[in-house]
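Letters A, B, ... mirror the listed sequences (proteins, then strands); counts begin at 1.
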There are 2 protein chains.
Amino acid sequence: MTAGAKPRYQQLKDLIIRRISSGDLGPQDRVPSENELVESMNVSRMTANRAMRELTDEGYVQRVAGRGTFVADFRARSHVLEVHNIADEIERRGHAHTSEVLQQSRQHARGEIARALHIEQGVDVFHLLLVHFENGVPIQLEDRHVLAEFAPNCLEQDFRHITPSAYLTAISPLQEAEQVVRAAVPNAAVRQRLQMADNEPGLAVIRRTWSRGRPVTFARLHHPGSRYELTGHYTPPGTPKSTTDNVVELEKLQA
Amino acid sequence: MTAGAKPRYQQLKDLIIRRISSGDLGPQDRVPSENELVESMNVSRMTANRAMRELTDEGYVQRVAGRGTFVADFRARSHVLEVHNIADEIERRGHAHTSEVLQQSRQHARGEIARALHIEQGVDVFHLLLVHFENGVPIQLEDRHVLAEFAPNCLEQDFRHITPSAYLTAISPLQEAEQVVRAAVPNAAVRQRLQMADNEPGLAVIRRTWSRGRPVTFARLHHPGSRYELTGHYTPPGTPKSTTDNVVELEKLQA
DNA sequence: TGGTCTAGCCTGTATATACAACTTGGCGGG
DNA sequence: CCCGCCAAGTTGTATATACAGGCTAGACCA
């Protein structure tokens with residue numbers, strides 16, 4: 001294994017990513033300009049330019065000619081995080097989002113939760129249980145566990161006004177996510193919270209999210225099958241001209 | 001609206017993408033080298049390099065130092081297309097995939113199908129109806145319509161040996177996709193084909209796919225909720241070190 | 001015949017330089 | 001006081017040049 005030195009543009013990228021991930025640079029903060037990097041890092045401007053350009057493509061920073069380079073707002077970064085926040089999704093449809101907090105407590109992780117978060121049995125986690133409403137109709141039951149060490153102020157938040165996922169992304173950029181989607185009839189307690197009929201199928205999304213290299217939250221999102229559907233739209237990067245608004249179109253089609 | 005000329009590296013990218021999309025360049029074909037582009041397109045090598053490098057990042061081509069640049073195999077290009085092919089998914093689990101073709105016929109598009117494919121009523125489409133089995137157990141009912149003009153040889157294919165999605169991606173790269181996932185109890189005919197119990201929830205994926213700028217196929221994929229789940233794994237591009245194999249891990253966790 | 005070595009092509013990276021376009025802040029004139 | 005203009009800083013693009021390293025085909029030698 002000859003590791004070999006990484007190219008310098010990659011070293012620059014890693015440096016900036018580390019500063020963002022560590023919280024040294026927060027959203028909207030100014031990133032050193034290309035000329036500043038030329039001086040401090042002893043590289044040519046083209047090398048700095050390549051590093052920053054790639055970070056832009058990857059969604060880490062935003063650049064404005066004439067102004068500078070700024071750390072991007074991570075909520076807008078990828079499909080994952082867009083879909084992540086049900087409040088945004090509802091408001092994008094022009095509807096009203098409200099939520100009810102059923103539980104917000106500190107617990108000791110056990111069994112499945114401990115395994116999912118890669119922690120020992122008994123380590124502190126926060127347990128959040130919320131119902132999200134779209135125009136007053138229940139649309140998601142969010143059953144979430146959060147690593148306590150990751151979000152120390154979790155109990156003081158008012159999750160009626162900021163969703164857990166918005167709160168979590170504000171703490172630190174989420175770097176990796178995985179999810180499983182399945183259809184099943186949820187148990188009676190879930191059905192009751194979501195005002196579902198007996199035998200009504202539900203759509204469940206089980207999602208685990210990483211930040212700074214470790215899993216920080218594990219969520220089970222239950223939806224009534226009759227009132228909710230997951231939509232996705234995929235465009236390969238760099239397409240010459242892309243047709244937009246296809247999703248809206250398909251939604252109409254299916255309605 | 002001052003359109004303004006596109007930058008030259010973008011013109012180069014568009015040119016190559018057009019040649020790939022039009023079929024002029026097929027998978028594994030050799031793309032002109034940077035020096036050839038320098039001569040024929042009258043640009044500097046760095047500009048050609050940037051264009052080809054970005055096409056590499058976007059998955060259009062693969063480059064090997066010392067050999068050249070080649071059109072990428074589109075099956076490996078994006079999440080969408082990976083998930084697209086159920087046979088690959090099953091084989092990746094180490095299981096046996098078989099399928100039964102229930103229908104393979106030419107029809108005239110009507111109603112929803114015509115609207116989904118952006119064509120007039122009565123235009124020719126192919127209708128495919130298949131059941132996919134994993135180790136002999138039915139796991140997906142594929143109800144697909146394909147624009148006849150796009151895939152003229154569709155009726156001669158043996159879809160027991162090549163799945164429709166593999167066939168379609170072989171014809172032309174799929175450029176855009178959108179999907180809706182929902183949970184519902186399918187109708188009796190579908191339940192019977194998938195050997196589902198009455199009232200058993202099903203997971204339905206309705207997917208529409210674009211190629212060369214127009215929708216070419218519209219598929220309804222029904223799965224038994226008790227035997228199938230959708231998995232996804234999202235890593236932001238360019239992460240310094242990414243932990244892999246998380247999906248496998250979560251699958252175990254949920255089993 | 002079979003093995004080795006090298007010349008030539010290819011990509012990957014790094015630098016220096018140049019010009020264009022955009023943004024902001026400050027200066028000066030009305 | 002306000003408006004307009006200009007200078008400085010910043011990003012975006014383009015070019016020329018250079019060197020390193022991978023790959024291959026063909027020459028060359030045993």
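- Below the 3.5 angstrom threshold, one finds no donor paired with an acceptor across the side chain of B/Arg30 and the base of C/dT11.
- For the pair A/Leu55 CG and D/dG12 P, the computed distance is 12 Å after rounding to whole Å.
- Closest contact between the side chain of A/Asn49 and the listed nucleotides D/dT11, C/dA14, D/dT13 involves D/dT13.
- Contact annotation: B/Arg8 does not reach the phosphate of D/dT13 (side-chain N/O to OP1 or OP2, under 4.0 Å).
- Between A/Arg45 and A/Glu36 there is no salt bridge, since none of the side-chain N atoms of the basic residue sits less than 4.0 Å from a carboxylate O of the acidic one.
- Nucleotide C/dA14 holds its P atom 13 Å from the CG atom of A/Asn42, rounded to whole Å.
- With distances taken from any side-chain atom of A/Thr47 to the nucleotides C/dT13, C/dT11, C/dA14, the minimum falls on C/dA14.
- Rounded to an integer number of Å, the gap from NZ of A/Lys6 to C1' of C/dG12 is 16 Å.
- One interatomic measurement links the two molecules: CZ of A/Phe70 to P of D/dT10, which rounds to 10 Å at whole-angstrom precision.
- The interatomic distance linking A/Glu34 (CD) with C/dT17 (P) rounds to 16 Å, in whole Å.
- For B/Val43, taking side-chain heavy atoms from C-beta onward, the closest of the listed nucleotides D/dA14, D/dT15, D/dT11 is D/dT15.
- For A/Ser44, the side-chain atoms get nearest to C/dA16 when compared with the rest of C/dA16, D/dT10, D/dC23.
- Between the OH atom of A/Tyr9 and the P atom of C/dA14 there is a distance of 7 Å, given to the nearest Å.
- No hydrogens or angles were tested; on distance alone, nothing pairs the side chain of B/Arg50 with the base of D/dG12 as donor and acceptor under 3.5 Å.
- DNA chain C is contacted by both A/Val64 and A/Met46; A/Met46 maps to the nucleotide lying nearer its 5′ end (nearest heavy atom per residue).
- Residue-level contact check: B/Arg45 touches the bases, meaning some heavy atom is under 4.0 Å from a base atom.
- Mapped onto DNA chain C by nearest heavy atom, A/Pro7 and A/Ala65 fall at different nucleotides, with A/Pro7 at the one closer to the 5' end.
- Of the side-chain N and O atoms in B/Thr69, one or more sit less than 4.0 angstrom from OP1 or OP2 of C/dT11.
- Side-chain proximity of A/Arg63 to the nucleotides D/dT11, D/dA14, C/dT11 is greatest for D/dT11.
- In this structure, CD of B/Gln11 is placed 15 Å from C1' of D/dG12, rounded to the nearest angstrom.
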- Message: B/Thr69 vs B/Arg63, test: side chain to side chain donor-acceptor pair (under 3.5 Å). Steps then yes/no.
- Response: CA-CA 4 Å; B/Thr69 304; B/Arg63 318 192 78 188; 3.1 Å; yes
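- The shortest distance between side-chain heavy atoms of B/Leu117 and B/Val125 falls below 4.5 Å.
- Using a 4.0 Å cut-off between a side-chain N of Lys or Arg and a carboxylate O of Asp or Glu, B/Glu178 and B/Arg207 do not qualify as a salt bridge.
- Distance, A/Leu37 CG to D/dG9 P: 16 Å, rounded to whole Å.
- No salt bridge links A/Glu176 with A/Arg214; every basic N to acidic carboxylate O contact stays at or beyond 4.0 Å.
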